[in-house]
There are 2 protein chains.
Amino acid sequence: MGKYGRDINLKPTVNDIARVAGLSLATVDRVINDRPGVRNVTIERVHKAIKELGYVRDTAAANLARGRIYNFHFLLPESNNEFVSMLEQQITELSEVLTLERTKLSFERVPAFDPQAMARIISKMDPQDVDGIAIFGPENSSVREAIAQIKKRGVAVVALVSDLPDSERDHFIGIDNIAAGRTAGQLMGHFLAQGRKKLLVITGSMLARDHLERRLGFDQVMSEKFTDIDVLPSLEGRDNPDLLERLLPAAFATTPDIAGIYSSAAGNAGLINFLRLNDLDQKVMVVGHELTPLSRDALVQGTFDAIISQDTGHLVRSTVRVLRAKSDSLPINISQERIRIDVYLKENMPPLGS
Amino acid sequence: MGKYGRDINLKPTVNDIARVAGLSLATVDRVINDRPGVRNVTIERVHKAIKELGYVRDTAAANLARGRIYNFHFLLPESNNEFVSMLEQQITELSEVLTLERTKLSFERVPAFDPQAMARIISKMDPQDVDGIAIFGPENSSVREAIAQIKKRGVAVVALVSDLPDSERDHFIGIDNIAAGRTAGQLMGHFLAQGRKKLLVITGSMLARDHLERRLGFDQVMSEKFTDIDVLPSLEGRDNPDLLERLLPAAFATTPDIAGIYSSAAGNAGLINFLRLNDLDQKVMVVGHELTPLSRDALVQGTFDAIISQDTGHLVRSTVRVLRAKSDSLPINISQERIRIDVYLKENMPPLGS
DNA sequence: TTGTAAGCGTTATCAC
DNA sequence: GTGATAACGCTTACAA
């Protein structure tokens with residue numbers, strides 16, 4: 001016996017189960033895969049043998065035999081948005097690697113902040129074509145209904161980035177956005193030196209749950225710990241850089257002494273342009289969301305001071321693992337699937353191609 | 001054809017190669033696995049077919065046929081250290097999941113800060129028993145030599161947490177410690193309000209590369225951007241809580257007005273005890289390393305203000321993926337294997353069991 | 001309702 | 001040097 005245990009007691013196989021239960025492979029397989037046409041007594045016998053031997057099915061072998069191919073489809077918001085583009089890129093990249101693992105990934109853009117459109121698209125999908133979908137978008141009753149329907153037809157569903165908590169989605173893959181908002185608040189509070197300061201919050205859409213939650217968390221911390229900071233009414237930029245760039249001058253005209261900005265949604269391009277054009281980029285403390293090429297640059301230049309982020313690679317890989325597990329009714333490793341709230345300063349930014 | 005591409009053109013298999021090359025499966029297999037006893041002309045023919053068809057071997061099927069079991073062994077420092085315990089726990093947990101994937105994990109403790117002992121232990125290992133090892137410890141010529149030897153005998157080697165850059169290790173799995181130190185510096189600088197402040201740095205051992213690098217990065221940022229902060233000579237705690245608790249009173253006796261502490265190594269228990277016993281825990285700004293049960297609590301209580309961390313689950317999973325890839329001479333996905341420098345405030349701390 | 005046997009893509013043991 | 005052929009653990013026609 002090797003010191004590091006090279007020779008372990010082999011795990012039992014379907015053959016062992018068949019032998020112990022005194023049945024054929026086919027019957028064992030029927031039971032294992034809940035296929036019809038087996039007497040209850042027989043089912044029991046198989047289950048007993050499985051328990052006794054501690055059998056766990058070898059998924060790799062099973063998939064090999066089936067020639068199974070997983071088809072997963074992402075529904076992403078149709079907005080001019082670096083974060084979403086990064087998701088797309090990760091999907092495309094991962095897709096190549098995954099062909100080896102019999103997994104196909106695809107995506108499509110869905111009108112942003114438009115639950116009706118989302119519901120329509122979900123409803124039109126053919127369960128023959130997809131084993132699982134990942135939905136990044138707002139929730140309403142139509143969306144809930146569409147999800148319930150497609151789930152009933154055997155398609156696994158996860159909510160991506162923004163949760164759909166009242167739907168029947170199998171899982172949510174994304175960060176705790178309240179905590180993310182709280183983190184932004186804590187950083188902002190610490191970064192702004194003592195004294196009465198004014199703070200602007202930029203949000204995306206009041207329809208987007210993730211935006212709402214961030215705002216909520218941020219306000220919690222502000223009112224709990226940093227009562228000397230004035231939080232101004234928020235600016236709703238709809239993740240649209242141009243709109244944002246048009247809205248900002250008015251905000252600064254009304255309140256010229258804004259000391260900090262929490263940019264809680266997308267559309268950073270507009271904000272960065274505005275700050276640089278008006279020579280405010282080194283004066284205002286800015287905390288933003290999502291590490292993208294633009295925000296990276298802003299961090300390096302000192303236009304941004306911190307970025308709260310979530311790893312798009314992790315989001316996509318996690319989606320695939322979870323959808324696969326759900327399609328096979330297998331358990332998931334929660335700790336591996338938990339998406340971290342990343343905090344980036346200029347110093348700990350990971351290198352670009354990552 | 002399904003809308004989401006259910007039917008893709010199947011990937012070529014060894015059978016296709018054999019057919020195209022006009023050879024048998026056995027010969028193709030010999031070539032693919034560099035086994036001897038094939039004429040050069042034949043080898044060429046096979047390679048040509050592989051190129052033409054774009055063949056990529058199905059690892060799952062290969063492992064199934066081989067009945068291969070991967071054996072990976074971790075060498076961890078023998079010190080009273082929560083971080084190392086967390087690594088052990090992750091190894092143990094992952095090990096269970098991985099038996100399904102024909103992978104056995106084991107670990108042993110090696111005297112800390114003792115490269116000779118490490119070299120001895122590596123040299124004594126039997127390549128029959130292990131396919132790969134992960135080394136967490138300091139480097140010296142004996143260690144380098146031991147690594148070179150064991151690699152020559154076909155064992156994959158990765159450096160874990162602390163790099164062994166001049167050795168022949170296949171890969172380093174851990175964070176960029178210079179950047180981690182810089183991050184700590186940046187946070188500390190921002191958190192300490194303006195004015196001449198005194199700052200204490202606690203290090204582990206000057207032998208440990210990771211500790212040295214963090215100190216280096218921290219000092220870089222301090223001298224570049226926060227010149228009004230006085231960085232005191234560092235305290236070498238050797239990752240030993242008791243030693244640290246004995247050293248701290250003297251440091252505070254000499255310099256009572258210490259405003260910040262950067263605890264760059266392990267042994268936080270001693271620091272926390274000292275601060276609480278002396279009523280300093282809410283007064284001194286503390287940045288520490290590694291999210292552990294103790295440091296989590298310190299963060300919640302406000303004894304610590306920020307923690308720089310690396311995810312132990314990610315470290316262990318990444319080690320396994322990389323060792324597997326290296327044993328099979330397969331490529332790795334660099335971006336998935338890059339370990340993030342996590343920054344935790346009280347607000348974005350992940351829930352405990354993660 | 002149950003069993004037999006072929007096959008998934010790869011490796012390994014024989015022969016020739 | 002090369003080629004049949006069985007085997008890995010599981011699924012699935014097709015028979016019985």
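Computed from a prediction, not measured in an experiment: that's the story for all the values here. By convention in this document, chain letters (A, B, ...) are assigned in the order of the sequence lines, proteins followed by strands, and residues within each chain are numbered from 1.
- For D/dG3, the OP1/OP2 oxygens have a side-chain nitrogen or oxygen of B/Thr27 closer than 4.0 Å.
- Partners of A/Ser95 according to the side chain to side chain contact (heavy atoms under 4.5 Å, CB included) rule, which considers only residues two or more places apart in sequence or in another chain, are A/Leu105.
- Qualifying salt bridge (charged side-chain N to carboxylate O under 4.0 Å, His left out) partners for A/Asp328, counting only residues two or more places apart in sequence or in other chains: A/Arg68.
- In this structure, B/Gln89 places its CD atom where only 12 or fewer heavy-atom neighbours from other residues, nucleotides or ligands lie under 6.0 Å away.
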| note | For nucleotides 10-16 of chain C, 5' to 3', base contacts (B), sugar-phosphate-only contacts (S) and non-contacts (-) with protein non-hydrogen atoms under 4.0 Å give BBB----

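- For B/Asp163, the salt bridge (charged side-chain N to carboxylate O under 4.0 Å, His left out) criterion is met by B/Arg169, not counting sequence neighbours.
- Computed from coordinates, the A/Arg68 CZ to D/dT11 C1' distance equals 13 Å when rounded to whole Å.
- Formation of a donor-acceptor pair under 3.5 Å by the B/Glu139 side chain with backbone atoms of B/Ser167 is found in this model.
- Using a 4.0 Å heavy-atom criterion, one finds that A/Gly37 contacts the bases of the nucleic acid, with or without backbone contacts as well.
- Nearest-nucleotide mapping onto DNA chain D: of B/Gly67 and B/Ser24, the residue sitting toward the 5' end is B/Ser24.
- The distance from atom CG of A/Asp34 to atom P of D/dT11 is 12 Å, rounded to the nearest whole Å.
- One can place CD1 of B/Ile69 at 14 Å from P of D/dC8, the figure rounded to the nearest angstrom.
- A search for salt bridge (charged side-chain N to carboxylate O under 4.0 Å, His left out) contacts involving B/Arg30 returns nothing, not counting sequence neighbours.
- The side chain to side chain contact (heavy atoms under 4.5 Å, CB included) check on B/Ala119 picks up B/Ser142, B/Val143, B/Ala146, with sequence neighbours excluded.
- Checked against side chain to side chain contact (heavy atoms under 4.5 Å, CB included), B/Asp16 has the following partners two or more places apart in sequence or in another chain: B/Pro12, B/Thr13, B/Arg19, B/Leu53.
- Comparing the axis of the opening five pairs of the helix from C/dT1-D/dA16 to C/dC16-D/dG1 with that of the closing five pairs yields an angle of 40°, rounded to 10°.
- With sequence neighbours excluded, the residues satisfying ring pair (Phe, Tyr, Trp, His ring centres under 6.0 Å) with B/Phe72 are B/Tyr70.
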Using a 3.5 Å cut-off and no angle test, enumerate the donor-acceptor pairs between side-chain atoms of residues 34-50 of chain B and protein atoms at least two apart in sequence or in another chain.
unit_1	atom_1	unit_2	atom_2	d
B/Arg35	NH2	B/Asp29	OD2	2.3
B/Arg45	NH1	B/Ala21	O	2.8

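- In this view, B/Arg102 and A/Asp58 satisfy the salt bridge (charged side-chain N to carboxylate O under 4.0 Å, His left out) rule, not counting sequence neighbours.
- Residue A/Glu101 contributes atom CD, which lies 15 Å from atom C1' of C/dG9 at whole-angstrom precision.
- Of the residues in residues 38-46 of chain A, those lying under 4.0 Å from DNA chain C by heavy-atom distance are A/Val38, A/Arg39, A/Thr42.
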